[in-house]
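Here's the structure, in structure tokens; my notes come after.
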Protein chains: 2
Amino acid sequence: MAITIKDVAQEAGVSVASVSRALNGHASITDDTRKHILAVVKRMRYMPHVGARSLTTSFTNTIGVLLPDLYGEFFSEMIRGIDGAARRRGLHLMVSSLHGDADEAALAIRAMRGRVDGLLVMSPHVDAAFLSDNLPEDLPIVLMNTAAGGTQYPSISVDNYNGAHAMVAHLVAGGYRRIAFLAGPSGNFEAQERLRGYRAALSELAPGAAEHVYEGDFSEQSGQAVGQALLEMDAGRRPDALFAANDMMAIGALLTLKQGGLRLPQDMALAGFDDIPIARYVSPALTTVRVPIADLGVRALESLVAKIGQPGSVPASAQTLGAELVARASTGESTPT
Amino acid sequence: MAITIKDVAQEAGVSVASVSRALNGHASITDDTRKHILAVVKRMRYMPHVGARSLTTSFTNTIGVLLPDLYGEFFSEMIRGIDGAARRRGLHLMVSSLHGDADEAALAIRAMRGRVDGLLVMSPHVDAAFLSDNLPEDLPIVLMNTAAGGTQYPSISVDNYNGAHAMVAHLVAGGYRRIAFLAGPSGNFEAQERLRGYRAALSELAPGAAEHVYEGDFSEQSGQAVGQALLEMDAGRRPDALFAANDMMAIGALLTLKQGGLRLPQDMALAGFDDIPIARYVSPALTTVRVPIADLGVRALESLVAKIGQPGSVPASAQTLGAELVARASTGESTPT
DNA sequence: CTGAAAGCGCTTACAG
DNA sequence: CTGAAAGCGCTTACAG
């Protein structure tokens, strides 16, 4: 067994209460006893059992983070934001990925009870009804990029609709007319909003133009598949621009189209969404909509901390972060890179 | 307050012991009482306090993961491996980044006590002496990519030395003679090993050739800086190949050199180390040494689980994973991408 | 099969 | 200032 506070107390010849007080910088303790105790602590290499402490103080200094995945450029950026904000406040992170269905999400949420002070959740499966069924009622939560926000639970999301709208406007302004859209997974809220933005902008700004929507799933592979399909079309019927609902699909298409001999953007313009780091590195560099991913994480954590600080008193609100168009070479801009 | 096991017991008209047994699938309980209890649990939406459970059972089903950073392609891949292996075993992850110095690492390790069953640590500041000072002695640990492995603590690392050696061999075989090396941070064990591999291979395979070592810090910026310096050299004195100690630096140099008008690999060959996802996407695609990053994470987790299962009985061992050369266009190979 | 009680390692009023 | 004791929410021998 490891050394406990009791061992330290015994060794130092004091009560466990005094050890606790010395350790936690309590005022009511003599300098001498504190020094003596801390010396013993050091000598014995005692480390407090944080789990036990949490049980009595009822706070854990830990935030639970539930994301669809823990890797890939998008989530990596998100984690960067969350981690930075958390460490600034001395908070630890308990993370979990949510690959599966709603049941798995429920399990993951439940597993957090008693180990975290609050929860940051991003999941397409999570809506208000689900949460009220599975969330311990006393556990603060902030949702990210979800359809469930603003009603009972605070949320923070990116303005996907206007971001997509702006991209279509940019393409139309660049002279492109046959603008195809490569959609994300249909069950995904963000994917839906981006598609909605594409449709609205197209009918507003290019009234005559027909919609071309390809199905995708946010993966590079689905971008490659659509790239392949485009290569096999008659050049005459082919769209002159492809707007993918995220960067990874755009990049999959880019590689396939280039390999198939198309010149980008002369034969086809290409655009994505997210502005993940890779977007700048491909050639031509990818025009995209910059989502302040890390920022989103920072803001979400800050909101959560605020909510933990004053439970109940903060009304559920839905924050939205703007998304900004980043024009690069894949839609004809001459960029230094 | 949230609902506790006591509330459930009272509501169901049984003892807390019975509730506990029903919840944990204990054998000695009637079907009827179990069903009744579980019904009450469901109706009250009770969720066990996992922290309290840990205190009595002394296991947490959680693994602590300490990495220099939580984001970027390298760590993202690492986390992917660890997360996958952990979820397969029903383990949760508590993660922490270790930006700072040894003190910060010590703090992070201590903060894990009582919340995790074991620790996965990757940190240049961690050596055997440090660990024996700061690690609770009953806490299993596995080190990754560290100099401290194999002695008192098990470790698993990549064969950086031979990987770098192989890359130099590849460059020499390709006809390159003035092969410069862009080193990583001097305090970093992996960086040291890669440098050592470069030096050894150069003197073995190209006896007459002089070493050219540039200092870097693994960041893209330091790659750009060296790229700039190379551009400003006389073409005659310029190295004909640059081997960077990691991919991000290689990519920084690649972008800068290209922008400066150099043709790659005709004017200069370029190679990296790690094979992060971006390496395939830049053009020319980057020749590199593939480090099985996710695999490293998987193996580390598996070792840790084994150690947790049989404390003390497993001798400290140092596993090494091979690193494989991946030849792409940046050193002259004609690759499809 | 079921319950009362001790105990996990801490913290914190409550006395003194 | 210091200590004895209760309590945080669980689990698990120990009786019955």
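Here is how names work: the chains are called A, B, and so on, in the same order as the sequence lines, proteins then strands, and each is numbered from 1. In this text the structure is predicted, and so the values were computed from the model without any measurement. Scope of the values below: all heavy atoms of this structure, side chains included, with no hydrogens, waters or symmetry mates.
Comparing D/dC10, D/dT2, D/dC8 by their closest approach to the side chain of A/S18 singles out D/dT2. In the set D/dC10, C/dC10, D/dC8, the nucleotide with an atom closest to the side chain of A/H49 is C/dC10. Counting only heavy atoms from C-beta on, A/N24 has its side chain closest to C/dT11 among C/dG9, C/dC1, C/dT11. Which of C/dG9, D/dC8, D/dA4 sits closest to the side chain of A/A52 comes down to C/dG9. Which of C/dG9, C/dC10, D/dA4 sits closest to the side chain of A/I5 comes down to C/dC10.
Distance A/L23 CG to C/dG9 P: 15 Å, rounded to the nearest Å. One interatomic measurement links the two molecules: CD of B/Q10 to C1' of C/dA4, which rounds to 16 Å at whole-angstrom precision. Between A/D7 atom CG and C/dC8 atom P the separation is 11 Å, expressed in whole Å. In this structure, B/R115 places its CZ atom 14 Å from C1' of C/dG9, rounding to the nearest Å. When the C1' atom of D/dT11 is taken as reference, atom CG of B/L55 falls 10 Å away, rounded to whole Å. Atom P of nucleotide C/dG3 and atom NZ of B/K6 are separated by 16 Å, given to the nearest angstrom. With rounding to whole Å, A/F59 atom CZ is found 15 Å from C/dC10 atom P. The distance from atom CD1 of B/I37 to atom C1' of D/dT11 is 14 Å, rounded to the nearest whole Å.
The 5' end of DNA chain C is approached more closely, in terms of each residue's nearest nucleotide, by B/V16 than by the other of B/V16 and A/V50.
Looking only at distances, no side-chain donor or acceptor of B/T146 sits under 3.5 Å from a matching main-chain atom of B/M122.
OP1 or OP2 of C/dG9 has not a single side-chain nitrogen or oxygen of A/T4 nearer than 4.0 Å. Using a 4.0 Å cut-off, no side-chain N or O of A/T57 falls inside it from OP1 or OP2 of C/dT12. Contact check, A/T56 against D/dG7: no side-chain N or O comes under 4.0 Å of OP1 or OP2. OP1 or OP2 of C/dT12 has not a single side-chain nitrogen or oxygen of A/R53 nearer than 4.0 Å.
For D/dG3, the base has a donor-acceptor partner in the side chain of A/R21 [N/O atoms by modelled type, under 3.5 angstrom].
Residue A/A108 comes nearest to A/S96 through the heavy atom pair CB-OG, 4.3 Å, listed as atom of the first residue, atom of the second, then distance.
Looking at B/D69 and B/H99, their side chains do bring a donor and an acceptor atom within 3.5 Å of each other. Defined by atom type and a distance below 3.5 Å, a donor-acceptor pair is present between the side-chain atoms of A/R87 and B/S97. At a cut-off of 3.5 Å, with distance as the only test, a side-chain donor of A/S303 or A/Q319 sits close to an acceptor on the other residue.
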task: List the steps and the verdict of side chain to side chain donor-acceptor pair (under 3.5 Å) for B/T60 and B/R53.
output: CA-CA 8 Å; B/T60 63; B/R53 177 179 291 171; over 6 Å; no
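A salt bridge (charged side-chain N to carboxylate O under 4.0 Å, His left out) with A/E11 is found for exactly one of A/R43, A/R45, A/K6, A/K42, namely A/R43.
Salt bridge annotation for B/D32-B/K35: absent, with no cationic side-chain nitrogen under 4.0 angstrom from a carboxylate oxygen.
Among the atoms of the strands shown, only primed sugar atoms or phosphate atoms (P, OP1, OP2) are found under 4.0 Å from some heavy atom of A/V14. If you check every strand for non-hydrogen atoms under 4.0 Å, A/T33 touches sugar and phosphate atoms only. Across all strands shown, B/Y46 has heavy atoms under 4.0 Å from sugar-phosphate atoms exclusively, and none from any base.
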query: Can you give the dot-bracket line for DNA chain C, where a pair is Watson-Crick or G-U wobble with both atom distances under 3.5 Å, crossing pairs use [ ], and | marks a partner on another strand?
result: |||.||||||||.|||
